[in-house]
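Letters go in sequence order (proteins before strands), and every chain restarts at 1.
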Amino acid sequence: MPPDFDRKVIALLLALPPGRVTTYGALAEQAGYPRHSRHVGRLLSHLPDGVSVPWFRVLGAGGRISRPGSEQADWQRLLLEEDGVELSAAGKVDLRRYGWPDAHFCSKKL
DNA sequence: ACTTTGACCCGCT
DNA sequence: AAGCGGGCCAAAG
């Protein structure tokens, strides 16, 4: 895995406008490594310190929050709402509405 | 070198 | 709705 993978993912994340969200799969794909969704997860779980990343804007496929029940999931939900993102009772996000503008699953462009 | 472990994903019960 | 199995691939033990 080239060193720039991490860098790219971070950059993409920083470029993501507030109030919008993306997914592990989409990040991996846009970083040039399709099917590497897990690696994005692993990256975010061991975040290089010194970089402040809006990790909470990263969701699982279909707009699901990862590791439901975990402490981070609760935080994520809170932070997202603070961003103005609506969550269903099940804690899911409508990607068509809040998804990454360039992503296929998003219908609401910039 | 081999095995286990993920902040994953998809399709099928 | 919820669980299972298989696929995925790098990192850590």
Side-chain angles (χ1 to χ4, degrees):
Chain A
M1 204 48 134
D4 59 308
F5 176 74
D6 292 13
R7 204 187 64 70
K8 266 186 175 170
V9 171
I10 306 273
L12 287 164
L13 213 39
L14 293 175
L16 181 63
R20 292 289 194 150
V21 299
T22 186
T23 66
Y24 295 97
L27 277 179
E29 184 179 355
Q30 290 163 36
Y33 293 82
R35 298 184 296 288
H36 287 234
S37 48
R38 325 181 58 133
H39 301 296
V40 175
R42 210 158 31 76
L43 167 61
L44 294 185
S45 62
H46 319 98
L47 269 179
D49 28 319
V51 213
S52 67
V53 194
W55 56 268
F56 55 89
R57 305 209 189 116
V58 184
L59 302 164
R64 289 187 317 279
I65 287 192
S66 320
R67 301 189 48 169
S70 70
E71 205 170 315
Q72 71 62 79
D74 299 335
W75 265 106
Q76 185 160 18
R77 175 155 201 171
L78 193 66
L79 292 167
L80 284 174
E81 283 174 345
E82 196 171 298
D83 251 24
V85 175
E86 274 185 46
L87 294 108
S88 74
K92 279 184 292 195
V93 174
D94 184 353
L95 290 179
R96 294 199 166 260
R97 215 161 22 143
Y98 300 108
W100 187 304
D102 296 337
H104 55 64
F105 52 69
C106 180
S107 59
K108 192 171 180 178
K109 303 304 176 191
L110 246 34

Report the residues that fulfil ring-ring contact (aromatic ring centres under 6.0 Å, His included) with A:His36, sequence neighbours left out, ordered by chain and then residue number.
A:Tyr33, A:His39
Nearest 0.5 Å, please: how far is CG in A:Leu80 from CD in A:Glu82?
10.0 Å
Main-chain N/O of A:Arg64 paired to A:Lys92 side chain as donor or acceptor, under 3.5 Å
no
Whole angstrom value for the distance that separates P of B:dC8 from CG of A:Leu44
10 Å
Using modelled atom types only, decide if a donor and an acceptor are shared between the side chain of A:Gln76 and the backbone of A:Phe56 within a distance under 3.5 Å.
yes
Using atom C1' in both nucleotides, what's the gap between C:dG7 and B:dG6 to the nearest angstrom?
14 Å
Donor-acceptor pair, side chain of A:Ser107 and main chain of A:Arg96, under 3.5 angstrom
yes
Hey, does the side chain of A:Ser45 come within less than 4.0 Å of B:dA7's phosphate (OP1/OP2), counting only N and O?
yes
For DNA chain B, which residues in residues 70-100 of chain A have a heavy atom at a distance below 4.0 Å?
A:Gln72
Taking OH from A:Tyr33 and P from B:dC9, how many angstroms apart are they, rounded to a whole number?
19 Å
The single option from A:Thr22, A:Thr23, A:Asp83 that satisfies side-chain hydrogen bond (donor to acceptor under 3.5 Å, both in side chains) with A:Arg57 is A:Asp83
Rounded to whole Å, please give me the gap between CG in A:Leu47 and C1' in B:dG6.
15 Å
Under the side-chain contact (heavy atoms from CB on, under 4.5 Å) test against A:Ile10, which residue among A:Leu13, A:Leu12, A:Leu14 passes?
A:Leu14
I need a per-nucleotide contact map over nucleotides 8-13 of chain C, read 5' to 3'. Cutoff is protein heavy atoms under 4.0 Å; write B for the base, S for backbone only, - otherwise.
BBSS--
Determine whether A:Val53 and A:Val58 satisfy the following criterion, side-chain contact (heavy atoms from CB on, under 4.5 Å), listing intermediate values before the conclusion.
CA-CA 10 Å; A:Val53 194; A:Val58 184; over 6 Å; no
Atom CZ of A:Arg67 to atom C1' of B:dC8: distance rounded to whole Å?
12 Å
Using the C1' atom as the reference point in each nucleotide, state the distance between C:dC8 and B:dT5 in Å, no decimals.
13 Å
